Number of protein chains: 4
Amino acid sequence: METAVVPTREDAPPRREDARIVRSREALRAALLDLVERHPLDTITIRDITDAANVGYATFYRHFPTKAALLDDLAAAQIRRLIGLSMDTQQSGTIDSRASCRAIVSYVDQHRALWRALLTGGAAATIREEIIQISREVALEYRRPGSAIPDDLAFRFVASAMVETLAWWLEQGNLSVERGAELLDRLVISPVVRPVP
Amino acid sequence: METAVVPTREDAPPRREDARIVRSREALRAALLDLVERHPLDTITIRDITDAANVGYATFYRHFPTKAALLDDLAAAQIRRLIGLSMDTQQSGTIDSRASCRAIVSYVDQHRALWRALLTGGAAATIREEIIQISREVALEYRRPGSAIPDDLAFRFVASAMVETLAWWLEQGNLSVERGAELLDRLVISPVVRPVP
Amino acid sequence: METAVVPTREDAPPRREDARIVRSREALRAALLDLVERHPLDTITIRDITDAANVGYATFYRHFPTKAALLDDLAAAQIRRLIGLSMDTQQSGTIDSRASCRAIVSYVDQHRALWRALLTGGAAATIREEIIQISREVALEYRRPGSAIPDDLAFRFVASAMVETLAWWLEQGNLSVERGAELLDRLVISPVVRPVP
Amino acid sequence: METAVVPTREDAPPRREDARIVRSREALRAALLDLVERHPLDTITIRDITDAANVGYATFYRHFPTKAALLDDLAAAQIRRLIGLSMDTQQSGTIDSRASCRAIVSYVDQHRALWRALLTGGAAATIREEIIQISREVALEYRRPGSAIPDDLAFRFVASAMVETLAWWLEQGNLSVERGAELLDRLVISPVVRPVP
DNA sequence: CTCTAATCGAGACGGTACGTCGCGTCTTACG
DNA sequence: CGTAAGACGCGACGTACCGTCTCGATTAGAG
C-alpha cells in the first residue's frame, strides 16, 4: 500500500527506470496537480500541462496516452492511500465505521488543496470511477460477510456518495472534521452496513 | 420552457411559436435522444445531431447555445415529471417514502430506453445537476421541517445516490420494480429522512 | 486553352462557385507564389502559406490536399499557357522551332519572378512532371509524325532539358531573349526533331 | 573517398579506422541502397535506415550529418567511376562520343539495381547535382576547347539530360545497350558538341 | 592479455510541422 | 427576403521525424 506503484506496465523486464523518465513523469504529475487546483479540468490542455512541467509537448504522450490517464495516475495513489487509512482503523476485528470516516475526512482535511482539485472541477467523475475500481480490489482482501446490498451497487453507491459528501464538506470550508465524519458515516457507510430493519 | 426564442435575439417581441421552430426543436431533441442511447454523450458532435435531425448545422445554434443545453432541455422535462410523481404520493400529509420510491422506479421502468440513455453514457453528470436544480425548486413548494442534513448537501446526495442507484438498477435489467424501490428507499431516502439515533 | 480551369473536380453539379471559395483559393495561390519567390519550397510550411494568405490553417486543407497540390495548381495554368503560346506559332502548317522557342523564352522573360520561383527553389521537379503531363495532353491534339525518339522519352527529355535551360537562362539575368531561344532550340528542340543523319 | 573520418571531429590525427566504424558505415550505405530501391527517397526515414542497418539510431549521426550526405557518399563513388569510364575511351586524342556513351550505358547496365535506385525514386535530383559537381572537377583536367554552349549550362544540361535518358532506358528494361548509347549520344552529347550549322 | 578509451545500442528528450476534428460565427446562394 | 447549407477562423489533438543528448555495455587495439 505504501510502495509507490510504477504506473505503466513493466512486467517483463525489471529494468531500472531511466532517471529522465522518472523526472518527466513526476514533473507532469506535479504540473497537472498544480493546474487542476486553479482551473476546471477540461479547460486544461495538454500543452498547458507540458508547459507547466517544462517538458516537451510530445513527451506527454511518451508517458501517458491521455489527460485522463495522467489524472488517474495521480488520483489512484491518493485514493489508495485514503482507502488504506480507513482500512487501518479496523485492525482489531471490530468494525468502527465512525473511526474510518474520521480517518478519511481527516486525511482529506490535511490535503484540502489536492482534494478540492480532485473532487471539484470536472475530475469528480474520474475519481468516482477510480474509487470504485480500487474499492473492488481492496474488498478482495478485506472480505466481509455479504450484506443486503449487492456488491456492485454498494461500490458505486459508496463512491458516488462519498465524493459528493466530501466535495460538499470541502466547499463549506469551516466544518469540523468530526461533523464531516458524522455525515459521511450517516450518508455513505451506514446505509450500506446497517442491517435490514 | 414556453419562452424559448431564438437565442441570439431575445429583444424581439414574444411572438407565437413559428411552426418551423417547433419542428426543428423537436427534431433536435429526438435526434439527441436517439443518439445518446447508442453513443457516449461526448462523442456525439453537433453535426451528428443536426444530421440525424435532418436540419442544417447552424440551425442547432438558433435553438440551443450548447449541446448540454439541448440535453438539459430534454432532461428537465423528464426529471420534473419524475419528481412530480414522487411528490404526488405524499398528498395526504403522511410521508410514505417507499411509495415515492415505487413511483419513481416504476416511471423509470416505463421509459427504460430514455432513462438508460440519460443515466449512462456520460450524460449522468448533467442529469445529476439537473436533479439538484429541480429538487431545489420543488423543495420551495413542498416545504418540510429541517432535517439533520443540511439542505444543500441533501440535494446533492439524493441526486447523486439516486442517479447511481437507478443506473445500476437499469443495468441489471431483470430486477423487479419493488426491489429497485427498496434499494432506493434504503440508500437514498432513508439516510436523509431517518432521525438521528 | 485560355479559359481558366477550375482546379478541383466539380464534374457533377455545375453549381456556381461560392465567392468565399474563390477568394480563399486565390489568396492561397497568391501567397505561395509570393513565398516561393523568396524561400526554397520545402522550407515553406503550410502555416506560412495560410498566414501569408490571411486564411485559417485548416482552410488550406479545405481546398488543397497538399502543398504540392497547390503548387501543381499554380504551375499547371502557367505551363498550359506557355505551351499554348509555343503551339500558336505553328499555325500555317510549317514548323518553325525557333519561333516557338522565342515565344517561350519571351513569355518567361515577361514573368521572370514567377518563373524564377517555379524553376528554382525546389519546385523544379514538380514543374518537370507538370510539363511532361501537359505535353502529353497537348500532343494528343497536335499529332506529329513519329520521330526517331520514343514519345515517352521525348517528353521527359524535353521537360528536363527545357527546365534546366530556362533556369540557367534566368539565372544569368542579362542574356537576350534571342540567345535564350537559340540555346533552347539547339539543346531541347533540335535533338528531338532533327532527322537522323 | 579515402579521407573519410569521423565527421564531427576532424581535427583528430588521421588514425587508422576502427573496425567498428567501417562496419557501421558500410551497413548504413548498404541499408540506404537497399531501401532506395523500393521506396521513394523522401519517405525513407533515418530510423528506417538504422533499423535496416541493424545499427543504433544515433549511430547514423556519428557518421553522416544528413540523409542526403549518406546518399552523396554512395553516389559520388559511382558517378566518379561512370565519368571516369567514359573519359577513358578518349585517350588517343580522338573524340568518339558514341564510344563514351556505350561505356556509360554498359556500366549502368551492369549495375542496374543500383542505378535504378539512384535514378528513380526521388534521388535523381541529388544525383543530378552530384554529376554536375563531379563533371566540373573532371573538366578541369580534360580541358577541351570552348564550345558554342557556356560551360555552366553545358554541365547542367548534360547532367539533367543524361539522368533522364538513363532513367528512361532503365525503366524500359529490355532495350539494348547500343540503343541506349545511341539515344544518349543523340540527346545528350551531340547537342553540346555539334558545331553550329 | 589486459586495460582503457572509443564506439556502440538503446532510446528519452525538446522541437516543429503535420493533417484532422469539432466548435461557434458568419456569409452566401437559393427557393 | 428568410433560411439551409456550409465555408470559415480558431485552436486542441495525437503522430511522426528530426537532431541532440544521456546512459551503460561492449569491444577493439595499444601497451
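For clarity, every value in this text was computed on a predicted model and none was experimentally measured. So you know, we letter chains A, B, ... as the sequences are listed, proteins then strands, and number each from 1.
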Please classify the nucleic acid contact of [X] as base, sugar-phosphate, or nothing, using heavy-atom distances under 4.0 Å.
X: D:R23; answer: sugar-phosphate
X: A:A19; answer: nothing
X: A:N54; answer: sugar-phosphate

Could you state the [atom1]-[atom2] distance from [X] to [N], rounded to the nearest angstrom?
X: B:F64; N: E:dG24; atom1: CZ; atom2: C1'; result: 16 Å
X: C:Y61; N: F:dA12; atom1: OH; atom2: C1'; result: 15 Å
X: C:D48; N: E:dG19; atom1: CG; atom2: C1'; result: 16 Å
X: D:E17; N: E:dA6; atom1: CD; atom2: C1'; result: 12 Å
X: C:R25; N: F:dC8; atom1: CZ; atom2: P; result: 8 Å
X: A:D51; N: E:dG14; atom1: CG; atom2: P; result: 11 Å
X: C:I21; N: E:dT28; atom1: CD1; atom2: C1'; result: 10 Å
X: A:F60; N: E:dT16; atom1: CZ; atom2: C1'; result: 19 Å

Report the distance from atom [atom1] of [X] to atom [atom2] of [Y], rounding to the nearest 0.5 Å.
X: D:L41; Y: D:L118; atom1: CG; atom2: CG; result: 10.0 Å
X: C:H39; Y: C:L32; atom1: NE2; atom2: CG; result: 11.5 Å
X: A:K67; Y: A:D72; atom1: NZ; atom2: CG; result: 12.5 Å
X: B:E37; Y: B:T120; atom1: CD; atom2: OG1; result: 9.0 Å
X: C:I79; Y: C:I127; atom1: CD1; atom2: CD1; result: 4.5 Å

Nucleotide nearest [X] (side chain, heavy atoms from C-beta), chosen from [options]:
X: D:D18; options: F:dA28, E:dG19, E:dT28; result: F:dA28
X: B:A58; options: F:dA5, F:dC13, F:dA7; result: F:dA5
X: C:I46; options: E:dT7, F:dG19, E:dG19; result: E:dG19

> Under 3.5 Å, is there a donor-acceptor pair between the A:T59 and A:R62 side chains?
Replying inline: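 Yes.
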Does a side-chain N or O of [X] approach OP1 or OP2 of [N] to a distance below 4.0 Å, or not?
X: A:S24; N: E:dC13; result: yes
X: D:T59; N: E:dC8; result: no
X: D:H63; N: E:dC8; result: yes

> How do D:R47 and C:V22 order along DNA chain F: which one's closest nucleotide is nearer the 5' end?
Replying inline: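 The residue whose closest nucleotide sits nearer the 5' end is C:V22.
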Just so I know, are the side chains of [X] and [Y] near enough to count as touching, which here means a heavy-atom distance under 4.5 Å?
X: B:L35; Y: B:R38; value: yes
X: D:I46; Y: D:Y61; value: yes
X: D:R29; Y: D:E26; value: yes
X: B:D73; Y: B:L28; value: no
X: A:F60; Y: A:L70; value: yes

>> Can you list, in residue-number order, the parts of residues 36-45 of chain A that come under 4.0 Å of DNA chain F, counting heavy atoms only?
In response: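 Nucleic-acid contacts, sorted: A:T45.
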>> Taking the nucleotide of DNA chain E with the nearest heavy atom to each, does D:A53 or C:T66 sit closer to the 5' end?
In response: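 So the residue in question is D:A53.
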Side chain [X] and base [N] donor-acceptor under 3.5 Å:
X: C:Y57; N: E:dG19; answer: yes
X: D:R62; N: E:dG9; answer: yes
X: C:R20; N: E:dT28; answer: no

>> Five pairs per end, C1' atoms only: what is the angle between the end axes of the helix from E:dC1-F:dG31 to E:dG31-F:dC1, to 10 degrees?
In response: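 End-to-end axis angle: 30°.
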